[in-house]
Amino acid sequence: MLLRKGKSAARRQTRARILLKAADGERDKESMKALSVSAATVYRTRQKCVEESVEAALQEKPRPGAKPKLTERQNAQIIALACTP
């Protein structure tokens, strides 16, 4: 159902396709070529499925992101300068 209807992230769909191809007995190299993904992506997805669960393999861990370069006060000052005639 994940691949057929509704909205879902592209990475989640790719992981689902990797797992479906693995379930069909397709080799990693074939999956890599068919889905245009790296060997590491196929390996990590399959490994996570075996070690944790299918749902865990489909999910993406939260990313911390970069720290803001400016403080809120600096942002406010720039906005004030930009909006001043």
Side-chain angles (χ1 to χ4, degrees):
M1 291 302 241
L2 174 68
L3 298 177
R4 292 193 181 167
K5 65 180 186 176
K7 291 185 177 182
S8 62
R11 288 183 181 137
R12 184 176 170 95
Q13 288 181 4
T14 300
R15 291 184 192 112
R17 287 185 175 101
I18 290 169
L19 296 177
L20 287 172
K21 287 182 177 296
D24 286 343
E26 197 167 295
R27 297 200 177 266
D28 288 356
K29 284 188 177 185
E30 295 167 352
S31 296
M32 288 169 41
K33 286 182 182 179
L35 301 173
S36 298
V37 295
S38 68
T41 300
V42 174
Y43 175 78
R44 282 192 310 262
T45 302
R46 291 181 62 176
Q47 182 179 20
K48 198 167 193 178
C49 179
V50 170
E51 292 177 355
E52 296 178 35
S53 68
V54 172
E55 191 57 37
L58 296 175
Q59 294 298 325
E60 190 166 315
K61 289 184 180 179
R63 298 176 184 197
K67 293 182 181 179
K69 296 183 190 259
L70 300 175
T71 65
E72 287 185 34
R73 183 176 179 165
Q74 290 170 328
N75 280 333
Q77 289 174 339
I78 291 172
I79 292 170
L81 286 172
C83 294
T84 306

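For Arg27, there are no salt bridge (Lys or Arg N to Asp or Glu O under 4.0 Å) partners two or more places apart in sequence or in a different chain. Under the salt bridge (Lys or Arg N to Asp or Glu O under 4.0 Å) criterion, Glu26 pairs with Lys21, not counting sequence neighbours. Judged as a side-chain hydrogen bond (donor to acceptor under 3.5 Å, both in side chains), and not counting sequence neighbours, the contacts of Gln59 are Glu55.
In this structure, Val37 belongs to a hydrophobic cluster whose other members, linked by side-chain heavy atoms under 4.5 Å apart, are Ile18, Met32, Leu35, Val42. Here Val50 sits alone; no ILVMFWY side chain lies under 4.5 Å from its own, so it joins no hydrophobic cluster.
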Please determine whether side chain to side chain contact (heavy atoms under 4.5 Å, CB included) holds for the pair Gln74 and Lys69, giving the CA-CA distance in whole Å, both sets of side-chain angles, and the decisive distance to 0.1 Å. CA-CA 10 Å; Gln74 290 170 328; Lys69 296 183 190 259; over 6 Å; no
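To the nearest 0.5 Å, the span separating CG on Asp24 from CG on Leu19 amounts to 11.0 Å. The line from OG1 of Thr45 to CZ of Arg17 is 13.0 Å long, rounded to the nearest 0.5 Å.
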Compile the donor-acceptor pairs under 3.5 Å between side chains in residues 75-85 and protein atoms, sequence neighbours left out, one pair per line.
from: Thr84; atom 1: OG1; to: Ala80; atom 2: O; distance (Å): 2.4

